[in-house]
Amino acid sequence: MQSTITQPMIIAGPCSAESREQVMETARRLAAEGVGIFRAGLWKPRTRPGHFEGVGAAGIEWLAEARAAYGLRIITELNNARNAGRLLEAGVDSIWIGARTATNPFDMQEIADALRGCTLDVYIKNPVAPDPALWLGAVERIERAGIEGRIVAIHRGFCVWGEDVFRNAPVWNIPLWLKEQRPDLPVVCDPSHIAGQARLVPHVARLAMALGLDGLFIESHCDPAAALSDAAQQLTPAEVGNLIRELKLKD
Ligand code: PEP
Ligand code: MN
């Protein structure tokens, strides 16, 4: 397998945008650690109702402010085709498609149609079930929409029945299979949603980089214990910086 991707990609930021202050503080500290692409979810895909569902479109301006203040590229989750227009208008640099959305070819096709010809980078998480063709199919739908930006796949683990040390079990054969099929397609790892616990995130990140994946997509919050979603798995910006240095992901 010969990858055509050279520089590892590092994307980090909170699970959810919660407030202007939380976005700006986290972005400032991550930028100081050398992170260039800042993630934050606006519409949160909660498996069950009754939890924080995200601030929605109200947070778009916080992301734009973080970009302007700290020179970061920004990425947020596009949850359905109806919201594509507002993210395009707001000038976000990139969007990711969540695991639940990537599971449904009808949703993927609607999103592909809504993004047709745009210049965004589009990152596509693996579907919740370990079905490699469904993941590749989601990638192909976006490719066929003639996106001008980059397309990137994200391995975030799979849902399995029963107790496991991981929240979403990695199946490394699947991202490696994807890289065999498509050496031109960057495949990064989301160690946060695989691990589910902050202390395991660095181990998963090390494994992903050792296996030749193309970068990391990490959850990081300025005050993880106070996070409104995924509190247990978020690293502090300083911990992200340590990981970047340890793995020599930057010069
Ligand atoms: C996220 O990245 O915050 C998220 C909800 O991810 P996933 O779609 O992988 O569950
Ligand atoms: Mn999350």
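Each ligand, and each atom within it, is numbered from 1 in the order the structure gives.
The closest side-chain heavy-atom distance from Asp121 to Val152 is not below 4.5 Å. With contacts defined as side-chain heavy-atom distances shorter than 4.5 Å, the pair Phe38/Val23 qualifies.
Under 3.5 Å, the side chains of Arg29 and Thr236 contain no donor-acceptor pair of N or O atoms.
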Determine, step by step, whether Ile174 and Val171 satisfy the side-chain contact (heavy atoms from CB on, under 4.5 Å) criterion, reporting the C-alpha distance in whole Å, the side-chain angles of both residues, the deciding distance to 0.1 Å, and the verdict. CA-CA 6 Å; Ile174 293 182; Val171 181; 3.9 Å; yes

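Checked by atom type and distance alone, the side chain of Arg39 never pairs as donor or acceptor with a backbone atom of Ile218 at under 3.5 Å.
One finds the CG atom of Leu88 at 5.0 Å from the CG atom of Leu120 (value rounded to the nearest 0.5 Å). Taking CH2 of Trp177 as the reference point, atom CH2 of Trp135 lies at 9.5 Å (rounded to 0.5 Å).
The count of protein N, O or S atoms under 2.8 Å from the Mn ion (ligand 2) stands at 4, with waters excluded from the count.
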Using a 3.5 Å cut-off and no angle test, enumerate the donor-acceptor pairs between side-chain atoms of residues 59-70 and protein atoms at least two apart in sequence or in another chain.
{"residue": "Glu65", "atom": "OE1", "partner": "Arg20", "partner atom": "NE", "Å": "2.9"}
{"residue": "Glu65", "atom": "OE2", "partner": "Arg20", "partner atom": "NE", "Å": "3.2"}
{"residue": "Glu65", "atom": "OE2", "partner": "Arg20", "partner atom": "NH2", "Å": "2.5"}
{"residue": "Arg67", "atom": "NH1", "partner": "Gly91", "partner atom": "O", "Å": "2.5"}

Just list the side-chain donor-acceptor pairs under 3.5 Å for residues 220-230, sequence neighbours left out, or say none.
{"residue": "Ser220", "atom": "OG", "partner": "Leu235", "partner atom": "O", "Å": "3.0"}
{"residue": "His221", "atom": "ND1", "partner": "Asp223", "partner atom": "N", "Å": "2.8"}
{"residue": "His221", "atom": "ND1", "partner": "Asp223", "partner atom": "O", "Å": "3.1"}
{"residue": "His221", "atom": "NE2", "partner": "Glu18", "partner atom": "OE1", "Å": "3.1"}
{"residue": "His221", "atom": "NE2", "partner": "Glu18", "partner atom": "OE2", "Å": "3.2"}
{"residue": "His221", "atom": "NE2", "partner": "Gln22", "partner atom": "NE2", "Å": "3.4"}
{"residue": "Ser229", "atom": "OG", "partner": "Ser16", "partner atom": "OG", "Å": "2.6"}
{"residue": "Asp230", "atom": "OD1", "partner": "Arg167", "partner atom": "NH1", "Å": "3.1"}
{"residue": "Asp230", "atom": "OD1", "partner": "Arg167", "partner atom": "NH2", "Å": "3.4"}
{"residue": "Asp230", "atom": "OD2", "partner": "Arg167", "partner atom": "NH1", "Å": "3.4"}
{"residue": "Asp230", "atom": "OD2", "partner": "His193", "partner atom": "NE2", "Å": "3.1"}
{"residue": "Asp230", "atom": "OD2", "partner": "Gln233", "partner atom": "NE2", "Å": "3.1"}

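Protein residues lining ligand 1, listed by chain and number: Cys15, Arg39, Lys44, Pro45, Trp96, Gly98, Ala99, Arg100, Lys125, Arg156, His193, Glu219 [non-hydrogen atoms, distance under 4.0 Å].
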